[in-house]
2 protein chains.
Amino acid sequence: MNADILKERQNATFDVEKLTNILDGGPELTKRRREIESMVLNDPDFMEEDPNFLSRSERYDQAVRKSAQMILKLREYGIADPEEIYCYKSTVHLGKPEPLDLHLGMFLPTLLNQANQEQMDRFFMPSWNLEIIGTYAQTEMGHGTHLRGLETTATYDPATQEFVLNSPTVSSIKWWPGGLGKTSNHAIVLAQLYTQGNCHGLHAFIVPIRDMNTHVPLPGIVVGDIGPKFGFDEIDNGYLKMENVRIPRENMLMKYAKVEPDGTYKKPPSAKLTYGTMVFIRSMIVGESARALSKASTIAIRYSAVRHQSEIRPGEPEPQILDFQTQQYKLFPLLATAYAFIFVGQYMKDTYSRISGDINQGDFSELPELHALSAGLKAFTTWTANAAIEVCRMSCGGHGYSRSSGLPDLYVNFTPTCTYEGENTVMMLQTARYLVKSYQQAKAGQQLSGIVSYLNETDHRRVQPQPVSARPTVVDINDLASLVEIYKLRAAILVGMAAKSIQQELQHRKNQADAWNNSAIDLVKASDAHCHYVVVKLFTDKLGEIGDTAVHSVVSSLALLYALHGITVNSGDFLQAGLLSVPQVLQISVRIKELLSQLRPNAVALVDSFDIHNKKLNSVLGRYDGNVYENMFEWARRSPLNATEVHESFYKYLKPLRSKL
Amino acid sequence: MNADILKERQNATFDVEKLTNILDGGPELTKRRREIESMVLNDPDFMEEDPNFLSRSERYDQAVRKSAQMILKLREYGIADPEEIYCYKSTVHLGKPEPLDLHLGMFLPTLLNQANQEQMDRFFMPSWNLEIIGTYAQTEMGHGTHLRGLETTATYDPATQEFVLNSPTVSSIKWWPGGLGKTSNHAIVLAQLYTQGNCHGLHAFIVPIRDMNTHVPLPGIVVGDIGPKFGFDEIDNGYLKMENVRIPRENMLMKYAKVEPDGTYKKPPSAKLTYGTMVFIRSMIVGESARALSKASTIAIRYSAVRHQSEIRPGEPEPQILDFQTQQYKLFPLLATAYAFIFVGQYMKDTYSRISGDINQGDFSELPELHALSAGLKAFTTWTANAAIEVCRMSCGGHGYSRSSGLPDLYVNFTPTCTYEGENTVMMLQTARYLVKSYQQAKAGQQLSGIVSYLNETDHRRVQPQPVSARPTVVDINDLASLVEIYKLRAAILVGMAAKSIQQELQHRKNQADAWNNSAIDLVKASDAHCHYVVVKLFTDKLGEIGDTAVHSVVSSLALLYALHGITVNSGDFLQAGLLSVPQVLQISVRIKELLSQLRPNAVALVDSFDIHNKKLNSVLGRYDGNVYENMFEWARRSPLNATEVHESFYKYLKPLRSKL
């Protein structure tokens with residue numbers, strides 16, 4: 001063990017294991033997680049070549065091999081709990097997407113939710129046994145966020161009782177679905193349903209795309225891989241172009257909507273049924289943000305404890321990078337953010353499972369709020385974590401740029417969360433729509449409940465910012481409850497300002513749609529403030545659940561740092577609204593510096609508490625033992641360009657060049 | 001040509017060619033640039049495979065081939081002007097680094113600057129003719145920014161009149177030098193010079209590392225590639241470990257410092273001689289920031305004009321993404337930033353060439369200011385452009401994530417600028433050191449000149465922020481001169497606050513070094529504000545040089561947007577210092593929205609003015625003709641994973657899996 005990192009661990013003021021248990025949700029869950037991880041990590045069938053040294057095709061090949069093994073072992077060991085499956089799977093694929101993701105995560109669940117009994121009989125067991133491998137083909141080359149814009153058509157032909165599927169334009173080619181390019185032989189295709197001359201909007205169809213025996217694409221099907229991406233090298237995101245592809249009528253998923261043999265269309269009973277899945281996935285992404293940021297900060301903080309550079313006091317040995325105030329200021333707020341997002345992720349998961357119980361009972365009342373919250377928090381947490389990973393990478397100096405650091409991979413595989421499952425700006429605007437609606441309801445005298453209930457309290461004369469002097473200064477910058485309060489007021493004021501902007505636009509004779517678009521900057525700002533308030537609040541709430549004094553103390557410092565740092569970054573809002581005075585903002589800067597020093601001795605222990613296994617971290621810089629440089633050298637020597645001492649380009653180009661000069 | 005993008009061009013209010021000429025520095029320079037570009041782009045010898053479809057080794061191979069061709073052609077065509085060489089080279093390698101970069105950019109220039117006549121005779125012509133291919137080996141695995149920390153030793157042995165080079169530790173292994181891994185047969189090695197029992201600090205030595213004929217590494221040399229990185233796939237950044245490698249005494253570069261045959265050490269006459277190169281390279285990086293951001297905004301804005309998505313007014317066709325206020329708010333400030341950085345880059349280049357004339361005359365008086373400015377602006381512009389490229393990428397939705405967009409490549413090849421040639425935080429602190437020193441001189445009554453002269457004017461009682469009421473509000477938010485003034489005052493106040501923080505720390509009995517470290521957050525903030533002021537000022541100054549009314553008008557709007565957007569992002573500073581009132585900050589938000597609408601019709605023309613050739617842009621999304629989707633489909637079909645209809649993993653893993661389930 002590296003001496004520096006050993007000393008860091010000896011200096012910690014709290015019991016790492018206790019904090020790990022809190023993050024896992026209890027000691028039993030820590031134990032079970034470690035059991036599952038070691039099942040995978042000690043299994044020789046999951047040994048792999050370093051993907052950094054492989055071609056794209058080899059990476060895909062290795063991922064398919066591991067996925068196939070995974071299916072076998074999950075059944076062999078009888079792992080069936082969704083959380084445990086998730087843990088096993090993410091250990092097998094080290095947090096990366098894999099070729100069977102959409103088969104397991106979308107194709108099978110969609111069958112379960114939307115297939116009728118006859119379809120279940122026909123499709124479920126073959127899919128369960130991977131004779132059918134499916135994907136979910138929704139997004140098209142020219143259409144993502146706006147589902148109504150999808151162009152693929154499914155036209156019913158009563159003569160043969162078939163649907164005829166077509167990709168009528170280039171922009172209608174299905175594009176991006178995971179596993180579509182090479183892996184799947186079936187796809188659930190979302191298409192505009194036409195029957196008896198009318199369009200009935202989007203419906204889902206089971207379309208065979210490759211021969212089940214030979215795996216060769218079927219007639220009328222043009223299918224392939226969409227080519228190399230920033231990351232996601234293990235997965236064959238694909239394209240699908242259909243030319244008069246005929247499928248039996250019974251291949252439309254007909255649990256709810258139906259087309260009868262003569263072509264008569266029957267509407268589904270409710271539109272809210274698919275709504276829940278979306279909310280679930282977005283809630284899960286909040287947890288992904290936490291995990292990605294935990295990894296990145298583990299790597300950056302451990303390496304900063306090991307790395308010595310430059311000088312603080314002339315003549316003394318080079319200090320640990322972690323002793324520089326600027327390094328602490330880069331990393332500790334991000335560490336605090338990782339903790340915040342873990343707790344928010346736990347809250348979202350708990351809330352979802354509580355509400356989904358209600359939904360199963362037919363009670364949809366809490367769904368709109370959770371929908372709005374999951375949209376905004378998905379955007380808020382992914383944007384934050386996305387930028388933060390890069391700050392962590394660059395805080396490692398040049399070595400962060402090496403693939404051996406693990407940080408480039410972490411970034412490229414995380415950054416799509418800002419775009420998929422609802423593009424972040426669109427998500428922020430969805431949340432804003434809920435906030436403005438709630439605001440107007442409150443203004444009209446309706447009593448709001450739930451997380452937006454603060455909009456009741458708002459004094460509606462006060463949506464206009466006020467000078468500091470007009471407001472009593474009662475904020476205590478060391479009291480989290482007090483800070484939660486001003487985050488709340490900030491959110492309320494910004495929601496009010498956005499609503500006012502819309503009103504002003506309407507007064508200038510804009511229609512509702514243009515008024516909305518012309519207020520979009522304010523609306524996004526309002527959503528952001530709302531989410532920020534929710535995160536600070538949930539972080540603060542969590543402290544009440546922590547019994548151990550030493551752990552409580554260090555996590556409280558993190559929560560305070562999170563809240564105060566957020567204020568300095570947005571100090572304009574707080575000053576503008578008169579929520580803080582100029583001297584208070586200056587005091588906050590001083591307090592932040594104190595908190596950095598206070599957290600310094602616990603920094604390594606705080607990332608150790610995430611308890612991320614070396615193999616899952618996959619970083620020479622972030623190794624638990626801190627033995628960075630010898631391992632980096634070893635890694636480099638194994639790199640393919642070093643397979644020969646002299647690269648062939650010397651003989652081909654450099655040596656011949658001499659004679660020409 | 002795509003109809004949308006055609007319409008955009010028809011609606012522009014100014015002459016694109018006139019603006020291009022301004023950006024190039026005159027119509028003759030535009031003409032010559034295009035000549036050089038077409039020399040390369042029409043040359044079949046530079047035809048290439050899409051690097052996205054190649055392995056790392058193939059990418060390196062292709063780059064070596066093009067570099068060898070480039071050397072031949074540059075000499076054939078007699079292109080000798082450094083600017084023209086740069087243009088030719090960056091067209092050949094499409095802006096990417098290449099294996100001979102360090103030979104041409106560091107090895108040859110270092111010989112020219114630091115070799116004595118005997119060494120020039122021995123090394124220059126073989127290097128010019130590429131019998132010797134060299135690199136510059138400074139950075140070590142454990143040492144980058146802090147040069148004095150380098151561990152490699154060169155110990156003089158008078159018995160044989162040789163230096164003995166050693167890498168005494170793992171952390172002392174030379175790491176990162178470009179072209180070191182596979183390409184070079186020589187390296188200029190920076191090492192601690194030991195002679196007669198004393199260490200004389202860092203000196204440069206010419207070390208043969210590979211046999212000039214066979215290219216096999218020489219005895220005592222362990223050399224190779226450091227392995228895959230985030231980007232830079234074309235270049236063999238390498239490692240070098242030396243074990244008792246002996247080189248003749250005459251291989252120490254001895255134009256200035258010397259070691260005599262008996263081992264007597266002679267000091268160099270001045271330490272400032274290598275200072276200039278560093279300043280030059282950092283100034284050049286400012287231009288790189290501008291180029292990278294120009295490319296990214298060209299891609300994002302053109303694609304946003306072509307792409308239709310979602311709805312603004314219900315029932316109407318999907319609008320161009322560029323019509324969404326949120327999209328404009330993401331992209332137009334970045335477009336303005338690209339223009340700002342181009343003008344700052346021009347200023348830095350001009351200033352450097354003016355001052356380097358003085359330096360050659362022995363006048364170093366202006367060098368410290370340029371040094372401080374280039375350090376800060378290098379950090380300020382690279383950080384900004386780095387984050388901005390990712391904003392551009394994500395503004396393209398999912399397709400920004402495809403390698404075909406060109407944006408991932410642009411990012412990974414640009415982001416090292418934040419780290420190399422002086423890590424950005426370190427750079428900001430260097431600038432801060434100059435600012436604080438200047439501030440103290442001004443406070444002591446000395447009259448400052450140059451760009452920091454504003455520190456003279458500062459009323460030193462006023463470094464403490466004041467309430468708005470205490471200050472007359474004379475700022476006109478539509479007048480750039482007035483905005484430059486408040487940016488200047490903000491910088492002055494933040495420099496004062498940083499200086500005051502140091503003083504307070506000293507009063508708390510901290511030593512100078514700890515006081516500095518404990519004020520580092522404030523110091524970085526002060527540097528950032530200083531750089532921001534300089535950029536706003538130079539952008540405003542540039543407007544005076546633009547004669548054409550239509551061009552002047554649109555570029556003025558960009559400058560105003562740049563200045564106002566910077567204020568909203570940092571509104572806390574301006575409010576805190578009482579430089580703006582709350583109503584003014586609100587007015588600025590409204591004014592920004594107006595500017596977005598005003599710039600909207602010229603957005604495409606403003607990126608067209610960058611005049612970046614399709615092949616240099618290398619993006620299906622950013623194509624000049626806007627024919628995005630058909631070309632993306634074509635590109636995907638050519639991807640290697642589509643070379644076979646059925647991937648071998650089907651036969652190896654998926655088909656056999658069925659029988660096991």
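Each chain gets a letter, A, B and so on, in the order the sequences are listed, and its residues count up from 1. When reading the values below, keep in mind they use all heavy atoms of this one structure, side chains included, and skip hydrogens, waters and symmetry mates.
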_Straight-line distance of A:Met141 CE to A:Trp176 CH2, nearest 0.5 Å_ = 11.0 Å
_Between B:Glu390 and chain A, with a heavy-atom cut-off of 4.5 Å, which part of the residue counts as in contact: side chain, backbone, both or neither?_
side chain
*Would A:Arg75 count as a cation-pi partner of A:Trp128, with NZ or CZ less than 6.0 Å from the six-membered ring centre and within 45° of the ring normal?*
yes
*Please state whether the side chain, the backbone, both or neither of A:Gln328 comes within less than 4.5 Å of a heavy atom of chain B.*
neither
_Contact class of A:Val426 relative to chain B, heavy atoms under 4.5 angstrom_ = neither
*So which part of A:Leu596 gets closer than 4.5 Å to some heavy atom of chain B, the side chain, the backbone, both or neither?*
side chain
*Using a cut-off of under 4.5 Å for heavy-atom pairs, which of A:Thr415, A:Leu429, A:Asn511 has the most such pairs with chain B?*
A:Thr415
*Heavy-atom distances under 4.5 Å only: say whether A:Glu423 touches chain B with side chain, backbone, both or neither.*
side chain
*asked:* Between A:Tyr411 and chain B, with a heavy-atom cut-off of 4.5 Å, which part of the residue counts as in contact: side chain, backbone, both or neither?
replied: side chain
*Would you mind checking which part of B:Glu318 comes under 4.5 Å of any heavy atom in chain A, side chain (CB onward), backbone (N, CA, C, O), both or neither?*
side chain
*Could you look at B:Pro217 and say if it's the side chain, the backbone, both or neither that has a heavy atom under 4.5 Å from chain A?*
side chain
*Is it the backbone or the side chain of A:Ser639 that comes under 4.5 Å from a heavy atom of chain B, or both, or neither?*
side chain
*Let me know if A:Val216 has heavy atoms under 4.5 Å from chain B in its side chain, its backbone, both or neither.*
both
*With a 4.5 angstrom heavy-atom cut-off, could you sort out which part of A:Tyr239 is near chain B: side chain, backbone, both or neither?*
side chain
*Hey, does A:Lys655 have a side-chain heavy atom less than 4.5 Å from the side chain of B:Asn213?*
yes
_Looking only at heavy atoms and a cut-off of under 4.5 Å, which of B:Pro228, B:Ala520, B:Pro317 has the most pairs with chain A?_
B:Pro228
*Among B:Gly227, B:Pro416, B:Pro126, B:Pro408, single out the residue with the greatest number of heavy-atom pairs under 4.5 Å to chain A.*
B:Pro408
*Structural part of A:Phe324 lying under 4.5 Å from a heavy atom of chain B*: both
*Is it the side chain or the backbone of B:Ser649 that comes within 4.5 Å of chain A heavy atoms, both, or neither?*
both
*Side chain, backbone, both or neither: which part of B:Val64 has a heavy atom under 4.5 Å from chain A?*
both
_Can you tell me which portion of A:Ile173 sits under 4.5 Å from chain B's heavy atoms? Options are side chain, backbone, both or neither._
side chain
*When only pairs under 4.5 Å are counted, which of B:Gln512, B:Gln69, B:Lys330, B:Lys241 shares the most heavy-atom pairs with chain A?*
B:Lys330
*Look up atom OG in B:Ser589 and atom CD1 in B:Ile567, then write down how far apart they are to the nearest 0.5 Å.*
10.5 Å
_Contacting region of B:Thr145 [heavy-atom separation from chain A under 4.5 Å]_ = both
_Inter-residue atom distance A:Ser67.OG - B:Leu654.CG, 0.5 Å rounding_ = 8.5 Å
*What part of B:Trp516 lies closer than 4.5 angstrom to a heavy atom of chain A: side chain, backbone, both or neither?*
neither
*Look at the side chain of B:Tyr401 and the backbone N and O of A:Gly231, then say whether any donor-acceptor pair between them is shorter than 3.5 Å.*
yes
*Please examine the side chains of A:Val223 and A:Lys182, heavy atoms only from C-beta on, and report whether any two atoms are closer than 4.5 Å.*
no
_Between B:Ser57 and B:Ser55, do the side chains contain a donor N or O and an acceptor N or O under 3.5 Å apart?_
no
*asked:* Which atoms of A:Met428 are under 4.5 Å from chain B, going by heavy atoms: the side chain, the backbone, both sets, or neither?
replied: neither
*Side chain, backbone, both or neither of A:His399 within contact of chain B (heavy atoms, under 4.5 Å)*: both
*asked:* At a 4.5 Å cut-off on heavy atoms, which part of B:Arg637 comes close to chain A: side chain, backbone, both, or neither?
replied: both
*Who among A:Tyr651, A:Phe633, A:Tyr329, A:Phe53 has the most heavy-atom pairs with chain B under 4.5 Å?*
A:Phe633
*B:Ser405 versus chain A, the contacting section by heavy-atom distance below 4.5 Å*: neither
*Any chance you could measure B:Ser404, atom OG, to A:Lys229, atom NZ, to the nearest 0.5 Å?*
11.5 Å
_Quick one about B:Thr183 and B:Tyr60 (side-chain donor to acceptor, distance below 3.5 Å, no hydrogens or angles considered), yes or no?_
yes
*Can you tell which part of B:Ser571 gets under 4.5 Å to a heavy atom of chain A, answering side chain, backbone, both or neither?*
both
*Tell me, side chain or backbone of B:Ile133 under 4.5 Å from chain A's heavy atoms, or both, or neither?*
side chain
*Where is the tightest heavy-atom contact between A:Asn129 and B:Leu661, given as atom of each residue plus distance?*
O-CD1, 3.5 Å
_Option that, when pairs with chain B are counted at under 4.5 Å, heavy atom only, ranks first among A:Arg307, A:Met632, A:His308_ = A:Met632
*asked:* So which residue, A:Val170, A:Asn52, A:Thr419, A:Asp514, ends up with the most heavy-atom pairs under 4.5 Å with chain B?
replied: A:Asp514
*Measure the spacing between CD of B:Glu630 and OG of A:Ser171 and express it to the nearest 0.5 Å.*
9.0 Å
_Side-chain heavy-atom pair B:Leu575, A:Val585 within 4.5 angstrom cut-off_ = no
*Could you pull out the closest heavy-atom pair between B:Leu407 and B:Gly400, with the gap in Å?*
CB-O, 4.2 Å
_Could you report the tightest heavy-atom contact between A:Ile521 and B:Gln325, atom names first, then the distance?_
N-OE1, 3.1 Å
_I'd like to verify something: which residue of A:Ser310, A:Ala636, A:Ser597 has the highest number of heavy-atom pairs under 4.5 Å with chain B?_
A:Ser310
*So, for B:Thr214 and A:Val646, which heavy atoms are closest and what is the spacing to 0.1 Å?*
O-CG2, 3.9 Å
*Got a donor-acceptor contact below 3.5 angstrom from the A:Asn185 side chain to the A:Glu131 backbone?*
yes
*A:Asp323 versus chain B, heavy atoms under 4.5 Å apart: side chain, backbone, both or neither?*
backbone
*Hey, could you give me the CG/CD distance between A:Asn517 and B:Glu311, rounded to the nearest 0.5 Å?*
11.5 Å
*Is it the backbone or the side chain of A:Lys652 that comes under 4.5 Å from a heavy atom of chain B, or both, or neither?*
side chain
*Select one option (side chain, backbone, both, neither) describing which atoms of B:Asn386 are under 4.5 Å from chain A's heavy atoms.*
side chain
*Tell me, do B:Arg403 and B:Trp635 make a side-chain contact under 4.5 Å, heavy atoms counted?*
yes
*Under 4.5 Å from any heavy atom of chain A - which part of B:Val628*: neither
*What is the minimum heavy-atom distance between B:Arg56 and B:Asp236, and which atoms define it?*
NH2-CA, 4.0 Å
*Identify the two heavy atoms, one from B:Phe574 and one from B:Asn570, that lie closest to each other, and give their separation to 0.1 Å.*
CD1-O, 3.3 Å
*Side chain, backbone, both or neither: which part of B:Asp50 has a non-hydrogen atom closer than 4.5 Å to chain A?*
neither
*Relative to chain B, which of A:Arg393, A:Arg148, A:Met394, A:Glu648 shows the most heavy atom pairs under 4.5 Å?*
A:Arg393
